[in-house]
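What follows is one structure encoded as structure tokens, with my remarks underneath.
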Amino acid sequence: MALRASPFPYKFVSGIHAIGWALIVPCFWYLDRVIAVCKSTTKERSERQEQECYLHPLQVFFGSITFFLFFLLTAPLAFLGFLLWAPLQACRRPFSYHRVGPTSAEKETNRGFEQTGKASFTFASANLCLLPDGLARFNNLGHTQHRAHEIGQRIAESVGRPHVIITVESPSSCGPVSPSDSIIPRPCSDTDGGMEGQSQPPGGHHSEPTESSASSDDAQEPLTEPSSSKPNYNENSNKQGRSDHGSPSVFLPKRPRLLDEEPWEVSAFFPANIDILCLEEVFDKRAAKKLTNKLKPLFGHILYDVGVYACQPPCRCSAFKFFNSGLFMASRFPVLEAQYRCFPNSCGEDALAAKGLLSTKVLIGQNQKKKKVVGYFNCTHLHAPEGDGKIRCEQLDMVTRWIRDFETAHKQPDEEVVFDVLCGDFNFDNCSPDDVLEQNHSLFEDYRDPCRAEAGKEKPWVIGTLLEQPSLYEDDVNSPEKLQRTLVAEELRKQYISPPVAREGVPLIYPEPGQPWIGRRIDYILYRETSISKLCRTELEEVTFITQLAGLTDHIPVGLRLKVGLISI
């Protein structure tokens, strides 16, 4: 049965809920401004250095008093709205569903898979820290609504750019060149601008060569790269360099790929034609709407405002939820089933948000035997505070069980499953001694982590995904291109990626002699092969660390592309 758009079963109930929330919003906004006017980001403090020293204290004094007075004036209306809003949460479905329609079946499913029995599927995950503006500033990130608009625009322009497959004809060629190895001309710009000193997002005319994903047509004509005197820019940091006419300064450091090493890259763009996108910490409802409006032309199916509010379960005031889960999922494929489960064991400040697991089943199309082809996609955000490994392990137990229960409940005998993916912000890494419990969890026996060599040890090419918050706007990392260059240089990377966390009372010795310095990787995209159809074969095509949101979030987004093919019998 198709999902309905509204989270409420009746329009009357939805209307009452909207009235209650409209009464709450002004009071909530003024309280948020009281915090925001008193808390500055490092970017704002830097911009104030040329102002008169007395201006900012006056702004804080009068601004905080003004907003606080309006907060008090609107509090009675907010209380009335709360009396309308809170009881209705008991009958609210834990997500809103946006579908662009009507759309053709050809656009929503993968016709190429039906004809050839093979396709590539691309996934991406990013933590955006879209909290209310006052709270986001404690992570050195302000202007939540502007950031949401900018993030949505950058993702949309990147994902929507055309796929181009380029082959290089050269006497020195050793064979076919993969799309990621190709070099294309791209204008270089390190000009800072936009919110929080950002560079302007890349325009839609820029294209990054990459293989056709599941949602694109298979019939793409390869192009032969013409000779040109213009400088060429290779965005892939791990590829072997080639000579060209550009200045050496525009090239990133290169190194040859090791034997049997997974293909990976550090890219200034999100992969083109992402099939499913998972975002975390989209707590702000207005920010979620802005992202939805920007992404809906590219993703026909969006789940947002995921989670529960108020007393959960009802009549338990100790479990009151002020924020939703922050999860946001955008898919090119129709969502057949969706289920959200809230973690019951959160504590401290994390208990204020309804963190949990969102499980979905999406329709890919049909195979050559006219059987329905589906995929499972799960996203989560685990408990955050350091030192709470037991809580995260309990949540990983729940994630494993809930995914198994969801797939068992919705599995149909006439379906072929082609992928089973789990992604999100796990809030632990695979190199910190403090995270040893989580690193050895049985989840990693079910799901494959392409960046993991073994428990407690990353593969040598891995790059951490958690940025140091105080340095988000420094010159080396304040644009996608600059952050890209910084991440591939180990000595620079140490200054901006969060280091591993030592176990309490034990000195940290890191890295081991002869091993690279990696940093904390807490954002994961995992995939499982045991749960997919026995007629399918999965091959890892590429892992991507993405710098396009430099200065807009304190995390580095990650991407994964899987190639799936049917085995002939």
Side-chain angles (χ1 to χ4, degrees), residues 42 125 127 129 138-141 266 280-281 343 345-351 353 355 380-397 399 424-445 447 449-472 474 476-477 483 486-526 543 545 553-558:
T42 56
S125 176
N127 183 313
C129 195
F138 288 92
N139 285 5
N140 200 23
L141 291 162
V266 180
E280 301 89 48
E281 291 198 12
F343 295 133
N345 66 334
S346 298
C347 66
E349 65 272 20
D350 258 32
K355 289 185 177 181
T380 189
H381 188 185
L382 301 184
H383 187 72
E386 296 175 2
D388 289 343
K390 290 185 178 180
I391 293 178
R392 281 187 288 272
C393 281
E394 291 173 358
Q395 293 178 347
L396 288 174
D397 290 339
V399 166
D425 181 354
F426 286 13
N427 273 313
F428 68 86
D429 60 64
N430 194 41
C431 59
S432 292
D434 192 54
D435 294 335
V436 65
L437 283 177
E438 302 95 305
Q439 293 163 6
N440 288 277
H441 195 273
S442 60
L443 174 83
F444 295 100
E445 298 174 7
Y447 282 88
D449 180 359
C451 299
R452 170 186 172 108
E454 59 185 56
K457 183 179 180 181
E458 299 280 55
K459 293 181 178 178
W461 49 266
V462 171
I463 292 173
T465 64
L466 183 62
L467 293 166
E468 292 278 51
Q469 293 169 356
S471 58
L472 290 178
E474 292 190 8
D476 285 334
V477 294
L483 179 58
T486 295
L487 290 182
V488 298
E490 184 175 322
E491 289 304 315
L492 274 178
R493 189 165 70 235
K494 292 180 183 179
Q495 303 176 33
Y496 300 103
I497 297 290
S498 294
V501 181
R503 190 178 301 177
E504 187 176 359
V506 181
L508 177 64
I509 302 175
Y510 183 84
E512 296 178 1
Q515 296 298 314
W517 193 95
I518 293 173
R520 302 199 70 195
R521 178 180 63 93
I522 65 175
D523 300 272
Y524 293 75
I525 303 183
L526 316 177
V543 176
F545 298 93
T553 178
D554 55 349
H555 287 243
I556 296 170
V558 292

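Values reported hereafter were calculated over all heavy atoms of this structure, with side chains retained and with hydrogens, waters and symmetry mates removed.
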Test log, rule side-chain contact (heavy atoms from CB on, under 4.5 Å), inputs L472 and N139: CA-CA 10 Å; L472 290 178; N139 285 5; over 6 Å; no
Got a second to check how far [X]'s [atom1] is from [Y]'s [atom2], nearest 0.5 Å?
X    : Y    : atom1 : atom2 : result
L141 : H555 : CG    : NE2   : 9.5 Å
L487 : Y496 : CG    : OH    : 11.0 Å
F444 : L396 : CZ    : CG    : 6.5 Å
I463 : T486 : CD1   : OG1   : 10.5 Å
C393 : Q439 : SG    : CD    : 10.0 Å
I525 : D449 : CD1   : CG    : 10.0 Å

Nearest heavy-atom pair of C129 and E281: which atoms, and what distance? CA-OE1, 3.3 Å
Kindly give the heavy-atom pair with the smallest separation between E468 and P499, and that separation in Å. OE2-CD, 3.6 Å
Hey, are the side chains of [X] and [Y] touching, using non-hydrogen atoms and a 4.5 Å cut-off?
X    : Y    : result
I391 : C347 : yes
Q395 : S346 : yes
Q495 : S471 : no
L443 : F426 : yes
L467 : V477 : no
V506 : P433 : no
H441 : D397 : yes
V436 : R503 : yes

Decide yes or no on side-chain contact (heavy atoms from CB on, under 4.5 Å) for N427 and K355, but give the supporting numbers first. CA-CA 12 Å; N427 273 313; K355 289 185 177 181; 4.0 Å; yes
Taking only residues two or more places apart in sequence, or in another chain, which ones meet A502 in a side-chain contact (heavy atoms from CB on, under 4.5 Å)? L508
Apply side-chain contact (heavy atoms from CB on, under 4.5 Å) to residues F428 and I522 and explain how you reach the verdict. CA-CA 5 Å; F428 68 86; I522 65 175; 5.7 Å; no
Could you work out, with salt bridge (Lys or Arg N to Asp or Glu O under 4.0 Å) as the rule, every residue matching K390, not counting sequence neighbours? none
Would you say the side-chain atoms of S125 and D523 include a donor-acceptor pair closer than 3.5 Å? no
With side-chain contact (heavy atoms from CB on, under 4.5 Å) as the test, would you mind laying out the steps for F545 and T465 before giving the verdict? CA-CA 8 Å; F545 298 93; T465 64; 4.2 Å; yes
Checking R392 now: which residues fulfil side-chain hydrogen bond (donor to acceptor under 3.5 Å, both in side chains) with it, not counting sequence neighbours? E438
side-chain hydrogen bond (donor to acceptor under 3.5 Å, both in side chains) with D434: which residues, sequence neighbours excluded? none
So does Q469 get a backbone contact from the side chain of D554, meaning a donor-acceptor N/O pair under 3.5 Å? no
Under 3.5 Å, is there a donor-acceptor pair between the side chain of T553 and the main chain of N127? yes
Output side-chain donor-acceptor pairs under 3.5 Å for residues 510-520, partner residues at least two apart or in another chain, one line each.
residue : atom : partner : partner atom : Å
Y510    : OH   : I518    : N            : 3.4
R520    : NE   : D429    : OD2          : 2.4
R520    : NH2  : D429    : OD2          : 3.3
R520    : NH2  : D435    : OD2          : 3.1

Could you tell me which residues satisfy ring-ring contact (aromatic ring centres under 6.0 Å, His included) with F343, sequence neighbours excluded, listed by chain and number? W402
